There are 2 protein chains.
Amino acid sequence: MDSPVQKTYSGVVALTTKGRATRQRIIEGAAAYLRADEPAGVTLDDIRAITGTSKSQIFHYFPDGKEELFLAVARHEADRVLDDQQPHLGALTSWPAWERWRDSVVARYRAQGRHCPLGALMAQVGSTPGAREVTSALLNQWQAHIRKGICDMQAAGLIRAGLDADRVAAAFIAGIQGGVLVLMSTGSVTHLEAAVDTLVDHLRG
Amino acid sequence: MDSPVQKTYSGVVALTTKGRATRQRIIEGAAAYLRADEPAGVTLDDIRAITGTSKSQIFHYFPDGKEELFLAVARHEADRVLDDQQPHLGALTSWPAWERWRDSVVARYRAQGRHCPLGALMAQVGSTPGAREVTSALLNQWQAHIRKGICDMQAAGLIRAGLDADRVAAAFIAGIQGGVLVLMSTGSVTHLEAAVDTLVDHLRG
DNA sequence: GATTTTTTGGACTTGCCGGTCCAAAAAAGT
DNA sequence: ACTTTTTTGGACCGGCAAGTCCAAAAAATC
């Protein structure tokens, strides 16, 4: 906890500039690789080759090996998820804004196609506590944004006040996640669109 | 296609009674095992031990090895999914019927907890054509049942006719899948409930 | 510029797991 | 009863991939 030595996120004690660069290169190279290719059974040696590093470097920067590295990549990808929905997600204050947000979500996942980098990572890392923490944090933030959007609309009198903002926000999260899941297995975004559109219709009342 | 020899689903040519029993024992034992335990990295040797069989038996009944066996288990589990929702899912002809169905879905997944056997299988088998076919078939049937329920309600004048039954049914599928996905990572059914309840509210108009 | 720390290369170990193989037991067919 | 087919046991193989280790290069520190 309060050890005398400053510990970074990664558990490595003190990285030089070069070291930090290498670490970042590994994360981003791995992320790009997992984003592009079939992620099932990606090996450390693949990542080593892609990022032009050696085995010892990987274990130097991620002492706990594969799991630690993949978690770092998962965090990296989780950040992208919300970023890609901005600025729309942060300002759901009018119906056109909701439409723009809807379009950005659909577009993002349509472009992504069957590959859900985050889902793939999660499947690999499985259900370790760390993995759950990453997903939970992401979903919580996401849902909070949506809930705030609903509340703002209610405050502006554009959505009926009786509606349970948190509940509907949770339904949005479920619908989007499920839509993406279906997309991964069918390659079609129709379910994602149906879920989001139906829920927006519901907001409109 | 029309070969002179009768071929079974499994590709094995002719099984005796005992053989069929063994094959079934393997599938059901594997299914139970995958349902109960952490499915990440389940090995053929685990299944061999659990089902009291030998390596040669597994490859005798599932010549293509792991993938074929896991697909068989996935089919087995997929059947259970819809069965568990019957008879409610087949007769969504009144509001109380929708409520009963809702409760059965929530109860089923609450009982299942974090373990989604089908999801786990899919993560393992990954994105082979066979795996996609299993999920697609399941989701299609599921959605068809829901759509029929909506149409029946519309015919009875209980749901406004303007509503796009197929679209909303797709939203249900997405919401349920997403709710289960969230359940798997958080252990809570609130998202599943929120999704189904919100969509039923939407049907009520 | 000497020393200490960090970074890097890559060979090597280790264990695991999917899949093969053959021969024996059991069952079915005649 | 004999033959043929199916079923079963389990030893074995081969490959792969995570992780270890040590020494050398590079950088930082003094």
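In this text, all values refer to a predicted model and were calculated from it rather than measured experimentally. Quick note on labels: first sequence line is chain A, next is B, and so on, each numbered from 1.
- A straight line from NE2 of His60(B) to C1' of dA23(C) spans 15 Å, rounded to a whole angstrom.
- In this structure, the CD1 atom of Ile58(B) is 11 Å from the P atom of dG9(D), given to the nearest Å.
- Regarding Arg48(B), its CZ atom lies at a distance of 14 Å from the P atom of dT8(D), rounded to whole Å.
- Between Trp98(A) and Phe172(A), the two ring planes are tilted [angle within 30° to 60°].
- Looking only at atom types and distance, the side chain of Arg108(A) has a donor-acceptor partner in the side chain of Gln112(A) under 3.5 Å away.
- Here dG19(D) presents its C1' atom at 12 Å from CG of Asp45(A), a figure rounded to the nearest Å.
- Which of dT6(D), dG9(D), dC17(C) sits closest to the side chain of Thr43(B) comes down to dC17(C).
- Here dA27(C) is the nucleotide among dA18(D), dA27(C), dG18(C) with the atom lying nearest to any side-chain atom of Lys18(B).
- We find that Asp83(B) and Arg80(B) are not joined by a salt bridge, their nearest charged nitrogen and carboxylate oxygen being 4.0 Å or further apart.
- In this structure, of dA18(D), dT8(C), dT8(D), it is dA18(D) that holds the atom nearest to the side chain of Phe59(A).
- OP1 or OP2 of dT8(C) sits under 4.0 Å from a side-chain N or O of Gln57(A).
- Comparing Thr16(B) and Lys55(B), the nucleotide of DNA chain C nearest to each residue sits closer to the 5' end for Lys55(B).
- Rounded to a whole Å, the OH atom of Tyr61(B) is 8 Å from the C1' atom of dT8(D).
- In this structure, the CG atom of Asp64(B) is 9 Å from the P atom of dG19(C), given to the nearest Å.
- In this entry the distance linking CD1 of Ile26(A) with P of dT7(C) reads 11 Å, nearest Å.
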Original post:
Which is it for Leu44(A) and Leu69(A) under the side chain to side chain contact (heavy atoms under 4.5 Å, CB included) test, yes or no, and what are the steps along the way?
Top reply: CA-CA 9 Å; Leu44(A) 286 186; Leu69(A) 168 56; 4.0 Å; yes
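- For Ser56(B), whose side chain is taken as the heavy atoms from C-beta onward, the closest listed nucleotide among dG10(D), dG19(D), dG19(C) is dG10(D).
- No side-chain N or O of Gln177(A) forms a donor-acceptor pair with one of His191(B) less than 3.5 Å apart.
- Of the listed nucleotides (dG19(D), dT8(D), dT7(C)), dT8(D) has the atom at the smallest distance from the side chain of Thr22(B).
- The NZ-C1' distance, from Lys66(A) to dG15(C), rounds to 15 Å in whole Å.
- Distances were taken from every side-chain heavy atom of Ser54(B) (C-beta onward) to each of dG9(D), dT8(C), dA26(C); the shortest belongs to dG9(D).
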